[in-house]
Amino acid sequence: MEPKRILIVDDETEVTTFFTYFLQRKNCEVVVANTGKEVKRLLHDTSLSFQAALVDLKLPDADGLELLREIKATHPACEVLIMTGYSTIKSAVTAMQWGAKDYLEKPFDDLDSLEQVIDSVLSASAKQKDDLSQEAAQYGIVYSSESPMAQVTAIAKKLAKKAIHVLIEGETGTGKELMARFLHGASNRAQQPFVAFNCGAVPESLLESELFGFEKGAFTGAIKSRKGLFELAHNGTLFLDEIGEAPLSIQVKLLRTLETGEFMRVGGEQVGQSNIRFISATNRNLEHEVEMNRFRSDLLYRLEGIKLAIPPLRERTCDIPAIAHYYLQKRSGTACEIEPDALELLQRYDWPGNVRQLLNVLNQTIALHECERLRAEHLPAQLRQKATQPKLQGREQPAEDQPQPGSIEQAIERECARFVESLTRNIPSIDGIDFEYLQKRIKLLEGEIGRAIIEKGLSETKGDRQLLSKKLNITKRTIRYILNEKG
């Protein structure tokens, strides 16, 4: 078997020496680079190909994240491990979102764990991805192999055992609580309580007593003492859903408990102590809520140890067949076939209510028709009508100018319109807007999108630039220009 060539990028000689010895014992050919300049020279050496790379996040002359982008652009099949200290764990998670396989924390004290991570990179990863998807499915998180959820779940799995709070962002119905349960189940607290609480489901007057508990006689109707959620979740996980709905009066007390672990029951005099891992979720833009003085910035900084963003269903339509088949089989106990025309309609609908809405539609459809094969005519008429309507952007267009339903052009138009709507919605007023900066930033976005598409294309074509230039109908020189390569 031909040895794999591994690139080690670190400015510390002790680190490169350690990994050189470690990997050579695994029959790997090791190439070492101590600077970003050396890395770029190696990446553009056409005689070299790398199967994996270990890259330090902080180099004297380069940013590890930028090197990650260059490695994935020039060697798309190369699996990258980011090496980082605990203080930069947020950047390490960003690296995974940009395509890194995993990250390693310095100092490398746990050699068994270190070896497991490296072995997972050196060995075939198809089975590992399948194992992770099966584990996630136990919590109701279902996705296909090419879904963006695969990456989100891989990051969640990595974070699960870390002593760090997680803020889950996502629209209503995307499965934020399912992800919280997955994080708890994969953590070292899995055998301890998981307590979920929706901050928007309880009146403000009762919220404090629900969270912190109360003593007998604390208020009218308090005929006996009662534990709050902080006591019930001791040593386990407390999931605060819709944290953006919590009133400011409660946010102050939440902040203290997050900082110290201390709390006090309503009407009590004794300070309690709780050891809790906090996971919170929101469908709001909390940064905007902070700007509008509706959410405390110090509480946000405490909650968002790490952010996990769950994409809406319309951005992962490839998951719809897997979710539908999984749910229907679970509901009936036997496989319920879905006709291709029905699947096509399900994938063309926008799903404003996300996965929750999809499951409700499937449930209603099967309850009404009791069919063994779900066909397009079984689906609700309103869904069929909206799924087949052309998506008009801003004004009526002639029929001949409309992109065909399901086409890439239509998806681009839809996403552009959604971007404009989201941008304007999140700007509360034009007062204070630097319009010149806004225009410049949008122009920069053109280059960022171009690079992202080129990098995706290089990944799909296994780095074959000749093939990519034909597919995109551009020259190889244009590809180099978009990637900002010299020469």
Side-chain angles (χ1 to χ4, degrees), residues 90 159-160 162-170 172 176-177 179-181 183-184 187-189 192-308:
K90 280 190 177 183
L159 295 174
K162 305 293 181 186
I164 190 168
H165 302 320
V166 179
L167 173 63
I168 304 173
E169 295 181 329
T172 298
K176 297 187 289 294
E177 182 171 343
M179 184 57 72
R181 291 184 182 275
L183 280 162
H184 174 74
S187 74
N188 298 325
R189 299 174 182 257
Q192 301 299 328
F194 175 89
V195 178
F197 180 72
N198 189 317
C199 296
V202 176
E204 182 176 351
S205 57
L206 299 178
L207 195 54
E208 184 178 0
S209 60
E210 286 289 328
L211 289 169
F212 304 109
F214 56 84
E215 297 290 356
K216 179 181 178 180
F219 49 82
T220 303
I223 57 176
K224 63 177 182 178
S225 298
R226 181 181 170 185
K227 291 181 179 180
L229 300 180
F230 284 94
E231 289 178 84
L232 295 174
H234 182 57
N235 289 329
T237 301
L238 178 58
F239 173 56
L240 297 177
D241 198 6
E242 303 306 345
I243 187 68
E245 303 289 341
L248 289 169
S249 58
I250 294 298
Q251 291 178 32
V252 177
K253 297 182 179 180
L254 279 176
L255 177 63
R256 172 159 181 80
T257 305
L258 275 165
E259 290 177 334
T260 65
E262 296 179 350
F263 66 92
M264 187 179 294
R265 290 182 181 179
V266 176
E269 298 178 350
Q270 187 174 356
V271 176
Q273 189 78 27
S274 190
N275 173 19
I276 287 175
R277 200 260 183 95
F278 285 91
I279 301 176
S280 50
T282 182
N283 60 8
R284 293 188 180 190
N285 182 334
L286 291 186
E287 284 83 1
H288 177 59
E289 295 299 300
V290 168
E291 292 172 2
M292 300 300 293
N293 295 320
R294 293 194 291 253
F295 201 85
R296 293 181 62 97
S297 58
D298 45 8
L299 177 59
L300 175 59
Y301 301 147
R302 281 286 178 179
L303 291 172
E304 62 171 7
I306 290 292
K307 277 186 187 178
L308 276 182

Measure the shortest side-chain to side-chain distance between [X] and [Y] over non-hydrogen atoms and say whether it is less than 4.5 angstrom.
X      : Y      : result
Glu262 : Arg256 : yes
Leu300 : Phe295 : yes
Ser280 : Phe239 : no
His288 : Arg294 : yes
Leu211 : Ile250 : yes
Leu254 : Leu240 : yes
Glu169 : Leu308 : no
Pro193 : Leu232 : no

Going by the rule ring-ring contact (aromatic ring centres under 6.0 Å, His included), which residues pair with Phe278 if we only count those two or more places apart in sequence or in a different chain?
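In terms of ring-ring contact (aromatic ring centres under 6.0 Å, His included), with neighbours along the sequence ignored, Phe278 is linked to His165, Phe230.
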Looking at Leu299, Asp298, Ile243, which hits side chain to side chain contact (heavy atoms under 4.5 Å, CB included) with Gln251?
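Considering Leu299, Asp298, Ile243, a side chain to side chain contact (heavy atoms under 4.5 Å, CB included) with Gln251 is found only for Leu299.
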With no hydrogens and no angle check, is any side-chain donor or acceptor of [X] less than 3.5 Å from a backbone partner on [Y]?
X      : Y      : result
Thr260 : Thr257 : no
Arg189 : Asn235 : yes
Arg277 : Ile164 : yes

How far does [atom1] of [X] sit from [atom2] of [Y], to the nearest 0.5 angstrom?
X      : Y      : atom1 : atom2 : result
His184 : Met179 : NE2   : CE    : 15.5 Å
Glu291 : Leu286 : CD    : CG    : 11.5 Å
Ile306 : Leu167 : CD1   : CG    : 10.5 Å
Glu304 : Glu287 : CD    : CD    : 5.5 Å
Ser297 : Leu255 : OG    : CG    : 9.5 Å
Ile276 : Thr237 : CD1   : OG1   : 9.0 Å

Do any pairs count as a salt bridge (Lys or Arg N to Asp or Glu O under 4.0 Å) and have a residue in residues 198-222, sequence neighbours left out, and if so which ones?
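Sorted result for residues 198-222: Glu208-Lys253, Glu210-Arg226, Glu215-Arg265.
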Which atoms form the tightest heavy-atom contact between [X] and [Y], and what is the distance?
X      : Y      : value
Ala233 : Leu238 : CB-CB, 4.1 Å
Thr282 : Glu242 : CA-OE1, 4.0 Å
Glu177 : Ala196 : OE2-CB, 3.7 Å
Asn198 : Gly200 : OD1-N, 2.8 Å
Phe194 : Ala180 : CE1-O, 3.7 Å
Ala160 : Leu183 : CB-O, 3.5 Å

May I ask you to check whether over 12 heavy atoms, not counting those of Phe219, lie within 6.0 Å of atom CZ?
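More than 12 within 6.0 Å, yes.
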Are Glu245 and Arg284 close enough for a salt bridge, meaning some N to O gap below 4.0 Å?
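Yes, Glu245 and Arg284 are salt-bridged.
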